[in-house]
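For reference, the structure is listed below as structure tokens.
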Amino acid sequence: MPIQSAQIVIPCSQFDATFAAVTGQLGFRVEMISPTDAPTTAVVSGFGVTLRLLSTPRQKIEPTVLRLMTDQSPSTITVPDIRIEWVRRDTAIQIPEAKQEFIITRNATGETWITGRAGMQYRDLIPGRFGGRFIASHIRIPNGGPVPDYVHFHDIRFQMIFCKAGWVRVVYEDQGEPFVMHAGDCVLQPPQIRHRVLEASAGLEVIEIGCPAIHDTHADHDLLLPTPQVRAMRQFGGQRFVRHIAAESRWLPWTWMGQDTAGFAVQDSGISAATHALAAARIVRAGLDARGAAAPL
């Protein structure tokens with residue numbers, strides 16, 4: 001049956017006091033009350049939620065926790081049957097102090113893959129996560145076709161995606177129509193840019209690197225992608241979206257510490273310029289001919 005509405009049921013050992021607190025002190029609006037002569041049930045709404053207060057006398061009830069987002073200082077109060085937590089929406093990204101370690105992650109068969117958001121499978125490439133500062137994930141979608149993703153964004157300081165194998169069709173806020181990333185392509189996802197994964201080939205594999213390791217992912221149910229405008233130079237958290245297309249980029253000799261590294265070629269992703277040198281990423285491969293072009297491998 002189609003769902004018409006949703007309610008959170010809160011048992012109340014002190015119904016009258018709880019009802020008075022949520023409607024008077026907190027400002028919830030009364031939607032229904034019953035019976036009128038001696039109320040034992042009330043439906044109230046406010047701040048995007050609907051509560052159903054239900055009289056449950058002569059029982060010891062643990063208070064229900066209700067979190068309210070605010071611009072003011074955090075605080076907590078307890079009214080009868082409900083613990084109210086005012087939580088400040090802090091947009092500052094907390095970056096843990098890095099704990100360096102040497103790690104080798106081998107792509108061995110039989111490794112454990114964890115199913116995460118939108119049915120994607122994840123393999124952790126940095127189990128220690130450098131003390132929580134970075135995360136690197138090997139992500140795959142074994143079966144091709146549409147991806148059950150939704151428009152979302154991340155509270156992050158840095159995040160990039162490198163396509164390792166296969167292809168994936170994605171769409172980004174203010175970056176035009178959906179496009180396909182092929183093996184060797186990468187994107188910089190600046191902080192809070194809205195995006196969505198639409199479709200993937202069978203056997204898609206990508207590498208995702210982000211900072212900090214633990215960060216929030218928020219759904220945006222109101223924004224439709226693609227957006228009507230294209231603003232390629234828009235800044236998101238001080239960074240600009242980057243799409244690096246390997247097939248359209250030149251391979252150059254790889255210089256390290258002022259010296260050419262014989263036998264290796266490199267492509268610059270453009271991430272350094274887009275992040276104002278916060279981070280940089282290069283694609284390196286073996287094989288370089290005498291003219292400085294990538295030789296077949």
Side-chain angles (χ1 to χ4, degrees), residues 1-94 96 114-122 132 135 146-156 173 191-197 210 212-225:
M1 297 180 63
I3 298 173
Q4 301 297 322
S5 62
Q7 300 175 354
I8 301 172
V9 178
I10 298 183
C12 301
S13 60
Q14 304 178 58
F15 177 85
D16 292 341
T18 303
F19 176 76
V22 296
T23 57
Q25 187 174 351
L26 298 180
F28 278 76
R29 182 178 66 183
V30 179
E31 303 292 350
M32 185 279 289
I33 192 164
S34 177
T36 56
D37 58 340
T40 57
T41 304
V43 176
V44 299
S45 64
F47 315 106
V49 296
T50 299
L51 310 178
R52 187 178 187 90
L53 308 180
L54 185 63
S55 178
T56 310
R58 296 182 300 277
Q59 292 186 23
K60 184 177 180 180
I61 299 173
E62 291 295 324
T64 299
V65 177
L66 184 62
R67 303 188 77 193
L68 302 177
M69 310 306 291
T70 178
D71 293 331
Q72 307 300 318
S73 299
S75 63
T76 300
I77 67 168
T78 300
V79 303
D81 305 309
I82 303 177
R83 174 183 169 89
I84 311 296
E85 296 181 353
W86 273 277
V87 180
R88 187 185 181 101
R89 172 75 170 110
D90 191 355
T91 58
I93 304 298
Q94 302 298 320
I114 299 174
T115 300
R117 196 187 62 80
M120 304 176 191
Q121 297 182 0
Y122 288 73
I135 184 172
V147 178
D149 197 10
Y150 43 85
V151 178
H152 64 281
F153 64 94
H154 308 284
D155 283 339
I156 46 88
E173 179 183 4
Q192 300 194 358
I193 187 172
R194 273 63 171 171
H195 57 284
R196 181 182 177 188
V197 181
I214 297 178
H215 53 264
D216 294 338
T217 296
H218 302 270
D220 190 330
H221 300 295
D222 298 321
L223 184 69
L224 297 178
L225 295 179

Item to check | Separation between CG of L53 and CD of Q7, rounded to the nearest 0.5 Å | outcome: 10.0 Å

Item to check | Over all atoms of both residues, closest heavy-atom pair of L51 and F28 | outcome: CD1-CE2, 3.9 Å

Checklist entry - Going through the checks in order, is the side-chain contact (heavy atoms from CB on, under 4.5 Å) test met by V44 and T23? => result CA-CA 8 Å; V44 299; T23 57; 3.9 Å; yes

Item to check | Between CD1 on residue I82 and CG on residue L66, distance to nearest 0.5 Å | outcome: 6.5 Å

Item to check | Exam field: side chain H218 to backbone D216, donor-acceptor pair closer than 3.5 Å | outcome: no

Next on the checklist: On a heavy-atom basis, which atom in F19 and which in V30 lie closest, and how many Å separate them?
Outcome noted: CZ-CG2, 3.7 Å

Item to check | Flag side-chain contact, heavy atom, 4.5 Å: P191 against I93 | outcome: no

Next on the checklist: For T41 and R52: C-alpha separation, side-chain torsions, deciding distance, then whether side-chain contact (heavy atoms from CB on, under 4.5 Å) applies.
Outcome noted: CA-CA 7 Å; T41 304; R52 187 178 187 90; 3.7 Å; yes

Next on the checklist: Regarding D220 and H152, do their side chains bring together a donor and an acceptor under 3.5 Å, going by distance alone?
Outcome noted: no

Checklist entry - Atom CD1 in I214, atom CD1 in I135: separation rounded to 0.5 Å? => result 8.0 Å

Item to check | Criterion side-chain contact (heavy atoms from CB on, under 4.5 Å) against C12, the qualifying member of T18, T64, T56, L54 | outcome: T18

Item to check | From CZ (F153) to NE2 (H215), nearest 0.5 Å | outcome: 12.0 Å

Checklist entry - Where the side chain of E173 meets the backbone of R194, is there a donor-acceptor pair that is under 3.5 Å apart? => result yes

Next on the checklist: Quick check for you: to the nearest 0.5 Å, what is the distance between D81 atom CG and E62 atom CD?
Outcome noted: 11.0 Å

Item to check | Counterpart residues, side chain to side chain contact (heavy atoms under 4.5 Å, CB included), relative to A118 (two or more places apart) | outcome: M120, V147, D149

Next on the checklist: Testing the basics here: between P39 and D37, what is the closest heavy-atom pair and its distance to 0.1 Å?
Outcome noted: CD-C, 3.9 Å

Next on the checklist: For I77, give me all partners under side chain to side chain contact (heavy atoms under 4.5 Å, CB included), at least two apart in sequence or on another chain.
Outcome noted: Q25, V79, I84, W86

Checklist entry - Do Q192 and D155 get their side chains close enough for a donor-acceptor pair, meaning under 3.5 Å? => result yes

Next on the checklist: Quick check: closest heavy atoms across P63 and R83, and the distance to 0.1 Å?
Outcome noted: CB-N, 4.0 Å

Checklist entry - If you measure only the distance, is there a donor-acceptor pair under 3.5 Å linking the side chains of E31 and S45? => result yes

Checklist entry - About how many Å separate OG1 of T217 and CZ of R117, when rounded to the nearest 0.5 Å? => result 6.0 Å

Checklist entry - So which heavy atom on G132 is nearest to which on P96, and how close? => result O-CG, 3.4 Å

Item to check | S34 side chain reached by T40 side chain, heavy atoms, under 4.5 Å | outcome: no

